[in-house]
Engineer: 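Right, I'll just put the structure down here and ask away after.
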Amino acid sequence: MSVIVLGSINTDFVVKVNRLPIAGETIDGYDLLTAAGGKGANQAVAAARLGAQTHMVGRVGRDRFGPELCDGLQSQGVQIAHVSVDERSPSGTAMIMVDRLGENQIAIVAGANGNVGQSDVENMIELLPYAKVLLMQLEIPLNTVELAGRLARANDIPVILDPAPAPTDIPAWLFACIDIITPNEIEASQLLRFPVHDRETAIEAALALVQMGAGTAIVKLGGQGAVCATADETFFMPAFPIRPVDMVAAGDAFNGAMAAAIAAGLTLKQALVWGAAAGALCATKSGAQAAMPTLDELTSFLEQHRHIVPENLSP
Ligand code: RIB
């Protein structure tokens, strides 16, 4: 059974800086990298490297980046038969700055991702009979996410939504289309309009999202762990101790790993542990897709850090 990822595919231009600039400031960077990215594609690679049969649904432009991005996905084991070439716009792009602490700032130009629409969702239909989960983000049009979410739910396929980048308002239809929502603290603050910055405020946010209709809400707090709330219970997964190098795509690793865990038949609690471990491992390496852990890496990391996983989350 497989994971379907409907989402963005980008080329990332990454500048390494000592510190992130403030508005209006020019600073020196010390390195420039070009790498495959996009929240959708990153999450697809994360799921595939953890052993899930993974189908990417999305668009690239008819430019030199398109074939590179598709080849990159394929080389990581992601099925790309449902990635099409958009004739109207260039491939998606992200400009990223990463500082010495691994913190980042990202600006994206959607390009072809902004044209992912009804025909892509219709193409996806043939994948549904084999799908165990649909994973989406918000770097493609909101109405496409709604269409795909409704279709998946009508076919009893659970839907995970990473609400990144966060919309200014939570659309009324959102909770009718998704099962699990996974904002980080910034996205949770933007969605709920109160500051989310620690375990207590994350619990408040997760419960608010459940009350609004999310079956499960997971608020990711980076180095402070993650909170998960359902209608019945709330639990906390502490962060694994790591020395972060580059936080870009750590959230993507988290989501991709959760989807892979669900596709492998693991419980929600086990999926949360996989997500936290994959996010931590990703943050220890530079880049987005290149930093996604393999199943062997994840398994041995979890063995070494078994003491971090609370008893109520252990299998
Ligand atoms: O989550 C990280 C990703 O966000 C980057 O790869 C970039 O492409 C943007 O989509």
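Note that ligands are numbered from 1 as they come in the structure, with each ligand's atoms numbered from 1 the same way.
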Engineer: What residue and atom, counting heavy atoms only, is the protein's closest point to atom 7 (C) of ligand 1, and at what distance?
Structural biologist: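 I find the closest protein heavy atom is Asp12 OD1, 3.2 Å.
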
Engineer: With no hydrogens and no angle check, just 3.5 Å: does a side-chain donor-acceptor pair link Gln137 and Gln43?
Structural biologist: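 Short answer, yes.
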
Engineer: Would the distance check show the side chain of Asp169 and the main-chain N or O of Pro171 forming a donor-acceptor pair, the cut-off being under 3.5 Å?
Structural biologist: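 No, Asp169 side chain to Pro171 backbone: no donor-acceptor pair under 3.5 Å.
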
Engineer: What's the shortest distance from atom 1 (O) of ligand 1 to any protein heavy atom, and which residue and atom give it?
Structural biologist: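 Nearest protein contact, heavy atoms only, for atom 1 (O) of ligand 1 is Asp252 OD2, 2.7 Å.
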
Engineer: What protein heavy atom is closest to atom 3 (C) of ligand 1, reported as residue, atom name and distance in Å?
Structural biologist: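 Ranked first by proximity to atom 3 (C) of ligand 1 is Asn42 ND2, 3.6 Å.
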
Engineer: Quick check against the 3.5 Å criterion: does Gln224 have a side-chain atom that pairs as donor or acceptor with the backbone of His197?
Structural biologist: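 Yes: the side chain of Gln224 pairs with the backbone of His197.
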
Engineer: Establish, from distance only, whether the side-chain atoms of Asp99 and Asn104 form a donor-acceptor pair under 3.5 Å.
Structural biologist: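 The criterion, which ignores hydrogens and geometry beyond distance, is not satisfied for Asn104 and Asp99.
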
Engineer: Short list, please: which atoms of ligand 1 are under 4.0 Å from a heavy atom of Gly37?
Structural biologist: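 Taking each heavy atom of Gly37 in turn, ligand 1 has 6 (O), 8 (O) under 4.0 Å.
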
Engineer: Using a strict cut-off of 4.0 Å, indicate which atoms of ligand 1 neighbour a heavy atom of Ala94.
Structural biologist: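 Reading through ligand 1 atom by atom, the close ones are 7 (C), 8 (O).
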
Engineer: In the structure I gave you, are the side-chain heavy atoms of Ile9 and Val83 within less than 4.5 Å of one another anywhere?
Structural biologist: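 Side-chain contact under 4.5 Å: yes.
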
Engineer: Taking distance alone, with no angle check, do Ser8 and ligand 1 share an N/O pair under 3.5 Å?
Structural biologist: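 It does not: no N or O of Ser8 is found under 3.5 Å from an N or O of ligand 1.
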
Engineer: Is there at least one pair of N or O atoms, one from Ala288 and one from ligand 1, spaced under 3.5 Å apart?
Structural biologist: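 No; the residue has no nitrogen or oxygen that sits under 3.5 Å from a nitrogen or oxygen of the ligand.
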
Engineer: What are the atoms of ligand 1, with element, lying closer than 4.0 Å to any heavy atom of Gly38?
Structural biologist: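 Those of ligand 1 that fall under 4.0 Å from Gly38 are 5 (C), 6 (O), 7 (C), 8 (O), 10 (O).
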
Engineer: In terms of residue, atom name and distance, what is the protein heavy atom nearest to atom 4 (O) of ligand 1?
Structural biologist: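 Protein heavy atom with the smallest distance to atom 4 (O) of ligand 1: Lys39 NZ, 3.1 Å.
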
Engineer: Enter the distance from Asn123:CG to Ser84:OG here, rounded to the nearest 0.5 Å.
Structural biologist: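 Answer for the CG-OG pair, Asn123 versus Ser84, is 6.5 Å.
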
Engineer: Quick one: nearest non-hydrogen protein atom to atom 10 (O) of ligand 1, plus distance?
Structural biologist: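 Going atom by atom, the protein heavy atom closest to atom 10 (O) of ligand 1 ends up being Glu139 OE2, 2.7 Å.
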
Engineer: Ignoring hydrogens and geometry beyond distance, is a side-chain donor-acceptor pair present between Asn42 and Gln289 at under 3.5 Å?
Structural biologist: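 Per modelled atom types, Asn42 and Gln289 side chains form a pair under 3.5 Å.
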
